[in-house]
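Residue numbers start from 1 in every chain, and the chains themselves are labelled A, B, ... in the order their sequence lines are given, proteins ahead of strands.
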Amino acid sequence: MHEIYQLASGILVWVALIVFVGGTAGRLIRMAITARKKDAVIYQYFSFYYALRSILHWIIPFGSMSMRARPAMTLVAFIFHICLIITPIFLAAHVILIAESWGIGWAYLPNAVADIMTILVILGCLFFLLRRIVQRDVRYLSTPGDFVLLLVVAAPFVTGIWTYHQWSGFEIAGIVHMLSGELMLICLPFTRLFHMALFPFTRGYAGSEAGGVRRARDW
Amino acid sequence: MKTSEDFQAAAEEKRIYDAGIEEGAKKLTPEKIRSVFNELMQTEGGARLEAYTKACVHCGLCSDACHHYLSNDRDPRFSPAGKVKQTIIEIVSRKGKVDADFMKRACEIAFTECNLCRRCMIYCPFGIDVAYLMLFVRRACHQLGVVPQYIQDTAHSHAATYNQMWVRDDEWIDTLQWQEDEARDEIPDLRIPIEKEGADIFYSVIGPEPKFRAQLIYQMAVIMHAAGVDWTMPASQGWDNSDMCMYTGDSEMTARLKKIHFEAALRLKTKRIVMGECGHAFRSVYDVGNRLLGWKMPPLQMIHAISFYSEIIEQGRLKIAEKFDRPVTFHDPCNIVRGRGLHETARYVINQVCTTFIELEPNREHNYCCGAGGGVINCGPPFKNKRVQSNRVKADQLAAAKKKGAEVVIAPCHNCHGGLEDIIRHYELGLELKFLGDILYECIQKE
Ligand code: HEM
Ligand code: SF4
Ligand code: SF4
């Protein structure tokens, strides 16, 4: 038990961070090189202005027709994504741990707010899960991996709030929390979660072609 | 609600026989598929393919963008990402180890269940270009020799004659002179200048114009004459700006076609190209062919007929004698709206020439595809019923405009015309269909 705790809170944190950063950078660099060889158009037509124009329309809630057409999905997706990214970075417990080990720190969220945001992430996962089961086209598109991934994403949040509130079995939950958090980081560059890193590029390229060549809006 | 089994059964029932697909598939072996596909992946399967297949979060936000999906009772297999799942994802993940039956189905999906209209691209948060992926599948089909027969025939015509309709060189010149003759009954000093070196404008059309719709050349000649334009058309190959090879995945042939088209305009030392009212031809010259030939932008200015009309109206060279007074609506063609942003230009022309304009909903970049583009109508009679059924949503959209009073639909694109004509007839919409040039011809001051 203690050994696993040591492992999860020590070396595995580093492994996860290195795999996450290295894997993401490595894959992006490899794709950039492939694009040079086989997709010359991307570099030729890429326009920062139009890329940014498109990206902005798609990261502002309800900025696109597609989002306006599905208000519930848009609302949940935005809340989910914001909470998913913000909570772990600005969680008091994480900030303090990092300050203690590395001597750097930053502002953190009040615990009650972090609790709510964690619950929102979990509810978001449930919403996505429900959607994958209920909505026929999404069900058809879903692969087994999609469900596993939802579990991987939900796990650190469920176990995190569990540990924080010291509900029964929280010692084990704490270990699962660390392990699943690390697993999620490790999965990021190699699974569909990689959409995070690809978004600025695919959207930016679409925006460049739409704006610079096709002179049309793509939102 | 229908279950997937119902859809499966319905699909089996509807299996369409196409000689090009069936006979082509008979010659396939698993080894051949694998080696052709792996070679294609090596040479052309790059970062876009990887990003589009990997970024997709299977969220289904693209589904409602596709008229095939909406019109087929939301059968998920018609959703854009669903078509990707059934074709390229499967081939890539199996590293090309698929059989002939799989390729037949992939071919039918890529050629007849996607119009490459790119509407889904502006509904996907990631801007995933499903049309690019379907074209990738078509490219594989082309290299494997499994292509629907009718569109392959037009591709053969392109290869043999440099035009889409097996029009011979003498027939082409004959047609121009015939139309000139006819028009001179109406306007005695009208000319269709052939091979005029140094003319301001090189006018090019698609193969079906001389073949089936020669009156469009007549009308354009009248418009050119009325506006006092210095124009010409070539006497030899390069007059046809259309391009079905772009849609069969035959990139090599597309490059040759676009090259001879540009070269004809350059040979005649014309200042710029005006293209007739066609969308796919415009895409092939403006967006595809130039890239295949290594030009970032076309080597000389080229504009679509809509821009040309707008220009001569704005400059006061074309006078409207009497406005068209029946209520019109406008179908935004994918290839010149999502493909070139000409929606406002078209509306300017319409408002100059027509008294009453009623918008389709949705419109502009968000208009639904006609269901014919992307080479789908060119796959011919075997797929006609399927095509018309797969665009019920277009019929509903048109019917709504009719309810608001529209009597005439303007579609400045040949493919859209073909598609809408079938839809209007099949769904008994009782709407009249026109090119913008038809209306201009009717309304302008001719002398
Ligand atoms: C910055 C980091 C990001 C992370 C960590 C992240 C993570 C996630 C996770 C965990 C899910 C749900 C899991 C699933 O359904 O399998 C998800 C879903 C989704 N993400 Fe992201 N994402 C990020 C950025 C983005 C961006 C920039 C976009 C683009 C607008 C985006 C669009 C979506 C969409 C549309 C879904 C819904 C998928 C569904 O129905 O399940 N994400 N994301
Ligand atoms: S037909 Fe248009 S909307 Fe449908 S999948 Fe093809 S490109 Fe997308
Ligand atoms: S909207 Fe984009 S990410 Fe979502 S399923 Fe469609 S193609 Fe994939």
Side-chain angles (χ1 to χ4, degrees), chain A residues 27 30-42 44-45 54-55 58-59 64-67 69-70 73-74 77 128 131-132 135-143 145-146 149 191-199 201-207 209-211 213-219, chain B residues 1-4 42-52 54-65 69 74-79 81-82 84-85 89 118 120-129 283 286-287 291 294 296-297 335-343 362 364-366:
Chain A
R27 260 192 91 178
R30 222 195 59 220
M31 282 174 87
I33 295 169
T34 313
R36 267 260 173 257
K37 284 195 214 129
K38 297 186 191 170
D39 307 81
V41 290
I42 296 179
Q44 282 300 316
Y45 295 97
S54 178
I55 290 170
W58 284 91
I59 57 169
S64 71
M65 188 78 106
S66 182
M67 289 190 238
R70 295 177 186 263
M73 172 68 179
T74 305
F128 289 138
R131 226 176 142 255
R132 288 204 183 282
Q135 198 172 314
R136 200 170 60 198
D137 56 328
V138 187
R139 185 173 65 217
Y140 177 75
L141 296 175
S142 300
T143 59
D146 293 341
L149 223 51
T191 61
R192 250 176 3 73
L193 292 179
F194 199 55
H195 71 266
M196 163 207 87
L198 289 175
F199 170 76
F201 299 102
T202 55
R203 190 76 253 167
Y205 173 62
E209 288 271 12
V213 180
R214 299 178 193 144
R215 319 281 168 88
R217 290 166 302 174
D218 65 326
W219 56 84
Chain B
M1 200 152 100
K2 289 191 195 172
T3 64
S4 16
Q42 284 263 316
T43 49
E44 295 173 26
R48 275 177 294 175
L49 183 73
E50 186 180 345
Y52 291 154
K54 294 291 180 338
C56 177
V57 293
H58 309 154
C59 64
L61 290 173
C62 52
S63 301
D64 280 0
Y69 173 76
R74 300 175 164 264
D75 180 342
R77 291 172 311 150
F78 287 94
S79 83
V84 174
K85 179 187 169 104
I89 296 271
R118 297 202 190 107
C120 49
M121 191 176 180
I122 66 174
Y123 280 75
C124 165
F126 300 93
I128 290 173
D129 189 353
R283 175 181 186 157
Y286 180 73
D287 199 341
R291 296 180 186 205
K296 189 165 173 182
M297 281 293 164
N335 287 326
I336 58 171
V337 170
R338 273 191 292 285
R340 181 56 185 80
L342 294 182
H343 39 283
R364 297 179 170 83
E365 287 99 333
H366 294 276

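- Smallest separation of non-hydrogen atoms from A:Met73 and B:Cys59: CE-CB, 4.5 Å.
- Here the shortest heavy-atom pairing between A:Ala206 and B:Met121 reads CB-CE, 3.8 Å.
- Ranked by heavy-atom pairs under 4.5 Å with chain A, the list B:Gly45, B:Pro362, B:Ala65 is led by B:Gly45.
- Pairing each heavy atom of A:Leu141 with each of B:Gly82, the nearest pair is CD2-N, 3.3 Å.
- No donor-acceptor pair under 3.5 Å is formed between the side chain of A:Lys37 and the backbone N or O of B:Thr43.
- Not one N or O on the side chain of A:Asp137 forms a donor-acceptor pair closer than 3.5 Å with the backbone of B:Ser63.
- A:Met65 has its side chain out of reach of B:Ile122: every pair of non-hydrogen atoms, C-beta onward, lies at least 4.5 Å apart.
- Inter-residue side-chain proximity for A:Arg70 and B:Asp64 is flagged as met; some heavy-atom pair is nearer than 4.5 Å.
- Using a 4.5 Å cut-off between heavy atoms, B:Tyr69 touches chain A through its side chain atoms alone.
- When heavy atoms are compared at a cutoff of 4.5 Å, A:Ala35 approaches chain B by way of both its backbone and its side chain.
- No part of B:Val84 comes within reach of chain A, as not one of its non-hydrogen atoms sits under 4.5 angstrom from that chain.
- Judged by distance alone, with hydrogens and angles left aside, the side-chain atoms of B:Glu365 form no donor-acceptor pair with the main-chain N or O of A:Ala216 at under 3.5 Å.
- Counting heavy atoms from C-beta outward, A:Tyr45 and B:Met297 have side chains that approach closer than 4.5 Å.
- Between B:His58 and A:Arg132 the shortest heavy-atom distance is O-NH1, 2.9 Å.
- Contacts with chain B were tallied for A:Ile55, A:Thr202, A:Thr34; A:Thr202 has the most, counting heavy-atom pairs under 4.5 Å.
- The salt bridge (Lys or Arg N to Asp or Glu O under 4.0 Å) test with A:Glu209 singles out one residue from B:Arg338, B:Arg291, B:Arg340, and that residue is B:Arg291.
- Looking at A:Arg214, its side chain never comes within 3.5 Å of a backbone N or O of B:Asp287 through a donor-acceptor pair.
- Contacts between B:Cys62 and chain A at a heavy-atom distance below 4.5 Å are absent for every atom of the residue.
- For chain A, no part of B:Arg283 is nearby; none of its heavy atoms comes within less than 4.5 Å.
- Both tests pass for B:Lys85 against the ring of A:Tyr140: distance under 6.0 Å to the centre and angle within 45° of the axis.
- At a 4.5 Å heavy-atom cutoff, the contact between B:Glu50 and chain A is made by backbone and side-chain atoms alike.
- Separation of atoms NZ (B:Lys54) and CG (A:Leu193) is listed at 14.0 Å; rounding is to 0.5 Å.
- In terms of modelled atom types and a separation under 3.5 Å, the side chain of A:Arg136 and the main chain of B:Arg74 share a donor-acceptor contact.
- Among A:Asp39, A:Ile33, A:Leu198, the residue with the largest count of heavy-atom pairs under 4.5 Å with chain B is A:Asp39.
- A donor-acceptor pair under 3.5 Å links the side-chain atoms of A:Arg192 to the main chain of B:Val57, judged by distance alone.
- Taking each heavy atom of A:Arg215 and B:Tyr286 in turn, the nearest pair found is NH2-OH, 3.7 Å.
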